[in-house]
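The structure under discussion appears below in the form of structure tokens.
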Amino acid sequence: MTDHSEAIFDAIAAIAPDIRAALPGRRLAAGGENPSGEDQLAADVYADELLKEAIEAIDGVGIYVSEERTEAIDVGDGELSVAVDPLDGSSNLKSNNALGTIVGIYDEPLPASGRDLVAAGYVLYGPITTMIVAIGDTVTGYVVDDGDRTVSESDMELPSPPTIYSFGGRVPEWTDGFAAFADEIETELKLRYGGSMVGDVNQVLTYGGIFSYPALTTAPDGKLRLQFEANPMAYIIEAAGGASSDGVRSLLDREPDGVHDRTPVHLGNAELIDRLEAALR
Ligand code: P6P
């Protein structure tokens, strides 16, 4: 499994320059919507096509799921299922802010529990292109240059004490429990919110803290998708010694119904997640 996972991350690193090079010319709407009802940019569609082509070429992969595609696709007779958000935070292209690619590698057909993940990672298209990969309980940071990934940090762990918080959703739509928790956290940590889960979770991994896109009064399941956003990020943060929650339990224990299920998301230092869950009880 590890060899196949490493091959998948090598393939994603190899096409990362192509995805990045395509961003300037594909900032406009493609005219369609993704299965979650969000406007698709030409960059979303292009990144998805490159990723599917790269991933289906790898032995060991059987199923491909993407934010941009309604159904799971059979791409081979392998045992692994790969779920991707090809261009997470693509709306940030308009304002030239960070965005990225999120990958979850499961050893069960999708939709699957986060406990069926064998690896997860993301590419961050920031001032430089970086990659984070978690396999088992080991998290490794890479710089991606010319399609090759070079280790920049080994055995990554969430820093402690935490210093930043990153809360999504409109404040008037926060539940009373989350608003009360936010009131406490705002007196303790610094706000860092950039509108792309990859960029914001990468700040939590870098500085320690908490990322939340919570349940809203207008959207009890929140905004982010379980299979290709929440689960992979929860796997990474828990492998780095942190914790995750949907408000009640680890995101990795949240049972999925479909490949585009949404879930409330909380990720970060364990003591902050404990406090969050207590505030929502
Ligand atoms: P909002 C990007 O569209 C995304 O899916 C995540 O990357 C990000 O965390 C969230 O939505 C941002 O949502 O409501 O702040 O625009």
Side-chain angles (χ1 to χ4, degrees), residues 19 23 26-30 32-48 51 65-69 83-104 120-126 130-132 164-175 178-179 182 191-207 209-237 242 244-247 251 259-268 276:
I19 292 175
L23 296 179
R26 289 177 172 81
R27 301 170 78 178
L28 300 178
E33 285 186 345
N34 68 20
S36 298
E38 299 163 334
D39 291 340
Q40 274 180 325
L41 298 186
D44 291 312
V45 175
Y46 183 69
D48 174 58
L51 284 158
V65 158
S66 165
E67 179 182 77
E68 308 308 328
R69 296 171 191 256
V84 301
D85 183 352
L87 216 48
D88 169 72
S90 56
S91 57
N92 272 357
L93 264 178
K94 186 173 181 180
S95 55
N96 193 29
N97 285 98
L99 68 171
T101 297
I102 306 174
V103 184
Y122 59 81
V123 178
L124 174 57
Y125 303 103
T130 53
M131 184 183 245
I132 296 292
I164 66 118
Y165 73 97
S166 188
F167 292 162
R170 294 182 65 251
V171 174
E173 297 173 29
W174 288 351
T175 62
F178 185 74
L191 171 61
R192 289 289 183 274
Y193 189 79
S196 161
M197 187 186 196
V198 172
D200 292 330
V201 172
N202 194 62
Q203 293 207 72
V204 169
L205 184 58
T206 305
Y207 299 115
I210 180 169
F211 170 86
S212 291
Y213 206 106
L216 303 174
T217 54
T218 53
D221 284 334
K223 174 181 182 182
L224 302 179
R225 278 52 52 111
L226 180 63
Q227 295 292 291
F228 42 77
E229 290 174 315
N231 270 343
M233 290 306 203
Y235 183 92
I236 293 165
I237 293 297
S244 76
S245 181
D246 63 359
L251 284 161
V259 294
H260 294 283
D261 282 7
R262 298 179 192 270
T263 177
V265 175
H266 308 278
L267 301 161
L276 173 279

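Just follow the structure's listing: the first ligand is 1, and inside any ligand the first atom is 1. All values below come from the heavy atoms of this structure, side chains included, with hydrogens, waters and symmetry mates left out. Only a predicted model underlies this, so the values are computations on that prediction, with no experimental measurement involved. The first residue in the sequence is number 1, and the count goes up from there.
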When you measure from atom 10 (C) of ligand 1 to each heavy atom in E229, K223, R225, which option holds the nearest one?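 Considering heavy atoms of E229, K223, R225, the nearest to atom 10 (C) of ligand 1 sits in K223.
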Which of these, D88, D85, L87, has its nearest heavy atom closest to atom 7 (O) of ligand 1?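 Residue with the shortest heavy-atom distance to the ligand atom: D88.
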Flag, side chain of S212 to backbone of P214, donor-acceptor distance under 3.5 Å: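 No, S212 side chain to P214 backbone: no donor-acceptor pair under 3.5 Å.
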Flag, side chain of W174 to backbone of T217, donor-acceptor distance under 3.5 Å: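 No; judged by distance alone, with no hydrogens or angles, the pair does not exist.
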For atom 9 (O) of ligand 1, the protein heavy atom that lies nearest, with its residue and separation: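 The answer is M197 N, 3.3 Å.
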N or O contact, [X] vs ligand 1, cut-off under 3.5 Å:
X: D200; answer: no
X: V198; answer: no
X: Y193; answer: yes
X: Y213; answer: yes

Side chain to side chain, V103 and T101, heavy atoms closer than 4.5 Å: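 They are in contact (side-chain heavy atoms under 4.5 Å apart), so the answer is yes.
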With a 4.0 Å cut-off on heavy atoms, is R170 touching ligand 1?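 The answer is no, since R170 has no heavy atom less than 4.0 Å from ligand 1.
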Judged by non-hydrogen atoms, does G168 sit under 4.0 Å from ligand 1?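 Contact absent.
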Under 4.0 Å from any heavy atom of G89, which atoms of ligand 1 are there?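 Per the distance check, 2 (C), 7 (O).
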M197/K223 under side-chain contact (heavy atoms from CB on, under 4.5 Å): CA gap, chis, key distance, verdict: CA-CA 11 Å; M197 187 186 196; K223 174 181 182 182; over 6 Å; no
Just by distance, with hydrogens left out, do S196 and N92 show a side-chain donor and acceptor under 3.5 Å apart?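 There is no such pair between these side chains.
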Salt-bridge criterion met for D48 and R69 (N-O under 4.0 Å):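 Looking at R69 together with D48, the answer is yes, because their closest N to O distance falls below 4.0 Å.
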Knowing that exactly one of F167, F211, Y213 qualifies, which makes a side-chain contact (heavy atoms from CB on, under 4.5 Å) with D200?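 The passing option is F211.
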